[in-house]
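To keep things clear, I will list the structure first and then write my remarks on it.
Just so it is clear, the model here is predicted, and its values are computed rather than measured. Any value given below was found using the heavy atoms of this structure, including those in side chains, with hydrogens, waters and symmetry copies removed.
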Amino acid sequence: MKKKWLAALLAAALTASVTAGCGKDAEKVNNSESVPDSWSQVSSQAPEETQEETRGEASSAPEEGQEGGGDSTLDPVTLRIFFLEGPAGDEEKVAEYINNLPQVKALNVTVEICKEWNWDRSQLPLQLAGDEQMDIGYDNGAEFLNRVDQQAYADISGYLAEDPDFYGYIPEALWKGASVDGKIYAVPTYKEIGEQWGVMADKKDLEACGVDASSVTKLADLEPLLKGMTEQGLGTVYIPSWADWLKVGLFDTYDFTPNNLGVIKRSEGEKVENLYQTQEFADLVRLMYDWNQKGYIPDEMLTEPVEWITNQANNNHNYCVRYTWYSPCAEYLYAPDYDLAPMLFEDPVVSNDAARGSVFGIYRKCENPERAYQFLKLWNTDPEVKNAFVYGIPGEHYNLVDGQVEIIKEEGQPRKFEGVNSMSGNVMISYTMVSEPKNKYELYDAFNQKAVPAADLGMVYDLSQVNDKVTNCTAVLEEYAKPLLLGFVEPESGIAKLNEKLAEAGIEDVIAQLQAQFEAFRTE
């Protein structure tokens with residue numbers, strides 16, 4: 001079944017008729033075979049097995065009635081694709097390799113990989129208004145929403161409506177998160193789709209302190225480890241920014257609105273509350289003050305950004321506890337030289353941040369949006385194309401060792417080509433690396449199956465009417481919430497002062513605006 005419908009996707013790409021010219025309507029793809037409604041159609045097999053199946057099918061001869069070698073009526077099209085990361089050196093060579101793949105030739109497209117270290121995305125509106133050809137580009141989060149508002153991206157809802165196979169290939173929660181006002185402006189990266197917060201600690205430290213990782217199911221449970229580390233001089237603790245720290249402590253209870261000003265209680269999902277007046281916030285502040293008094297929080301956390309993974313940190317072994325947004329296999333990726341144990345405080349949630357964390361859209365200025373759409377689909381369904389964008393050319397940039405990627409590079413030298421797997425195409429059809437578990441994508445699939453949608457998934461907040469008050473409140477949080485959440489301020493007086501300043505900054509009006517929009521969203 002899987003091979004058959006992936007072949008159908010390629011067949012659609014081969015036979016689609018395209019009208020060049022930005023803004024012109026053209027006949028859209030209409031595949032008839034639907035995909036089972038599942039959160040993962042790919043990862044149920046071992047990655048190498050899936051890739052051999054799909055690669056073989058994608059490269060096979062066309063089925064009866066299809067034209068061999070692609071549709072000769074398609075005019076040649078160049079697609080310039082913009083990435084966030086900078087170049088490694090062999091981008092042109094890898095692009096040439098991709099362009100010579102039979103399935104890419106069938107679309108009669110030539111791709112250019114555009115990576116620049118000096119690309120300032122704040123200048124993107126000016127670039128899009130200029131004469132430079134720009135067809136497909138990476139985006140994420142609030143910046144993506146801003147650019148949709150600036151009409152930077154083409155609406156691809158029509159293509160997807162007539163292409164149920166591809167729409168069903170990616171979890172609907174991701175499409176929902178990437179939508180704005182009911183329209184879809186980008187293809188989200190299919191990977192782990194949930195947001196989950198918790199802690200990772202070195203197993204040696206856990207053993208030294210007599211702590212069983214399975215016993216740590218909430219933040220307060222971490223105290224025996226922190227106490228043991230302090231008494232034995234094992235190292236200090238890394239705590240993220242105050243905004244992330246809020247989620248470490250409270251994400252099991254609340255969904256967060258923009259700027260962390262309001263929260264929606266997940267068990268109810270009915271109203272937006274002022275986070276800083278909740279009992280949960282007060283309890284978190286009291287816990288942190290207690291930990292600070294006991295010496296668990298390093299003083300430099302208040303004044304200096306602490307990088308949790310530096311040479312000095314490794315040498316001193318002082319990043320022992322890492323508070324993190326977790327995804328499967330993160331313990332192998334963050335610090336491969338250490339044996340880390342994850343301790344998680346809640347089930348994964350599909351938040352707007354997670355769904356919009358990595359997307360590729362078709363720029364509105366693209367002169368061949370249908371062909372760009374067909375290539376995005378191929379990129380997200382064909383392992384050979386996906387792996388080339390991530391790892392480069394087999395035999396030149398990487399070798400396969402028992403079905404996993406081993407990078408080819410000279411000792412002490414950087415890689416000749418490197419793509420960020422989590423920021424391009426469909427992760428679930430890519431190879432795993434030799435440093436990763438072979439069942440990585442099975443773990444992703446299980447993780448995704450457990451993820452539940454946030455109460456406001458797919459909602460786009462518009463705070464333009466209270467923008468000045470949002471700015472004022474954000475400044476207040478930076479000044480008063482940070483020391484409070486790190487335990488450097490007495491809780492009762494600190495919470496009172498914080499809420500006094502937030503009231504002066506206009507947080508009540510902000511919460512009212514958030515609530516009105518959330519109510520409207522719920523009734524749509």
Which residue, V94, T78, V104, L79, forms the side-chain contact (heavy atoms from CB on, under 4.5 Å) with N99?
-> V104

Mind checking whether F256 and L250 have side chains closer than 4.5 Å, heavy atoms only?
-> yes

Stepwise salt bridge (charged side-chain N to carboxylate O under 4.0 Å, His left out) check, D90 with K416 | CA-CA 6 Å; D90 277 357; K416 296 179 181 178; 5.7 Å; no

Should we say atom CD of E132 is surrounded by more than 12 heavy atoms from elsewhere, each under 6.0 Å from it?
-> yes

Taking C-beta and beyond as the side chain, do V470 and Y461 meet within less than 4.5 Å on heavy atoms?
-> no

Look at the rings of Y169 and Y190 and say which category their plane angle falls in: under 30° parallel, 30 to 60° tilted, over 60° perpendicular.
-> perpendicular

Side-chain heavy-atom pair V405, L400 within 4.5 angstrom cut-off = yes

So, do Y153 and F144 have ring centers that fall under 6.0 Å from each other?
-> yes

Is the closest side-chain donor-acceptor distance between Y444 and S327 under 3.5 Å?
-> no

Mind checking whether F417 and Y97 have side chains closer than 4.5 Å, heavy atoms only?
-> no

Within 45° of the ring axis of Y185 and under 6.0 Å from its six-membered ring centre, is that where the NZ or CZ of R364 lies?
-> no

Any side-chain heavy atom of N421 within less than 4.5 Å of one from K386?
-> yes

For residues D353 and S351, is any side-chain donor paired with an opposing acceptor at under 3.5 Å?
-> no

